[in-house]
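As structure tokens, the structure follows; a few thoughts come after it.
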Amino acid sequence: MPTSPPTNDASHAAAQRVIDRCRKLAAFSEYPGRTTRTFLSPPMHDCHREIASWCAPLGAEVRIDAAGNIRALYPAARANAPRLVVGSHLDTVPNAGAFDGVLGVVIGVALLDALHGKHLPFGIEVVGFSEEEGVRFGTPFIGSRALVGRLDEELLRREDDHGVSVSAAIEHFGLNPAEISAARLKGDILGYLEFHIEQGPVLEDLGLPLGAVEAIAGQSKLEVTFVGRANHAGTTPMHLRRDAIAGAAEWISSVEREGQRVPALVATVGVVEAKPGVTNVIAGEVRLTLDVRHRADDLRELAVNTLIRAAEEIAARRRLTMKHNALLNQPSVAMDPFLTGQIEAAILRTGCKPRRTVSGAGHDAMILAEQVPAGMIFLRTPGGISHNPEENVEVEDVAKAIETGMHLLDLLITHPLCKGE
Ligand SMILES: [Zn+2]
């Protein structure tokens, strides 16, 4: 595997500190010995206290907004200056690794640290979002939605498995849901920047430490059901069967072929539930889920339609009935072309080859992109492993990410919004 160009001792030390800090935050968990930190669970207080203790000595003003996001504002050299927002999320999936989300927040703090007290023509607000994974309420991005004014009454009323609403969770954490509107981004925003582990094997496969994300893929989720007739596995001859599971299997193969046929398309059947699910009974009904993602919405929709037609054809030929319903139809979100170009230039300045990439997973950046120019930098993920305690990052890659961030700050000084009095 080609390694990244050498880093100097200072950036290596800064990167090691980022990794140590991520590991320290990973210990703040709902369960001892593994990392699980859902929306506004008690260990989030420990995270906030720890991050505040890093930011305050750097001269940042730290607050927790009413959605439970930690916000550390490092002031600009002058009043009424624009702001660059740098962030990611602090919540985790159950039994998580130490870097998904957290790394982006800790690198944000490392950028403030690397300024050594220097103030820029723009402020830098480091944000640790309270919720991105959707674990507790089944709805992702609760934290980042608050910044764009989309943490609304309907979402505040939503309940977790224990009947606790988002609003009540906010109160239990010691915050006031009536102040949600004050969490919205105000003033001139240069952009939103998110460092995140790639959570996939592409950069590692290419031998590259960093990627500039140009879009977050759109996503379709469907439920597909084949219905045949349950019958005796011993007495029903093959030609007289209406076997729902055999039809489903044929269709699963079509899904895989479609994913392989269309460049950059990913198509997955993640759930297969057969009824009655008995060894000596031909399955009468099979429920499946389909997940299709692509950067181009038209190609994604075309693939979904092709697969529905394939399911209909298989069902008709096998004397089955087929029904389908859409669970999600989420368009692709483009990152800001200007910011992405600046990120590429910044990566190039570190001596690394910038690689444009598309995120197959959703991120806070796609919520922020609704209102401000958003950009993302992916870090190579060893083994492509994430949402797993084995999730890791290379210290050299983190060093290159910090260097990229510093070059980017430098490039943004000439941004037109910074030309005010
Ligand atoms: Zn994440």
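Whatever order the structure lists ligands and atoms in, that order sets their numbers, starting from 1.
- Within the structure, every pair that satisfies the salt bridge (Lys or Arg N to Asp or Glu O under 4.0 Å) test and touches residues 33-56, not counting sequence neighbours, is listed here: Lys24-Glu50, Asp46-Arg49.
- Nearest heavy atoms, Pro263 versus Arg261: CD-O, 3.4 Å.
- Put simply, the side chain of Thr350 never gets that close to the backbone of Lys400: no donor and acceptor are under 3.5 Å apart.
- Sequence neighbours left out, the pairs with a member in residues 350-360 that pass salt bridge (Lys or Arg N to Asp or Glu O under 4.0 Å) are Glu214-Arg356, Glu344-Arg356.
- For the Zn ion (ligand 1), protein N, O or S atoms under 2.8 Å: 3 in total.
- Residues passing the side-chain hydrogen bond (donor to acceptor under 3.5 Å, both in side chains) test with Ser29: none are found, sequence neighbours excluded.
- Residue Leu339 holds its CG atom at 11.5 Å from OH of Tyr192, rounded to the nearest 0.5 Å.
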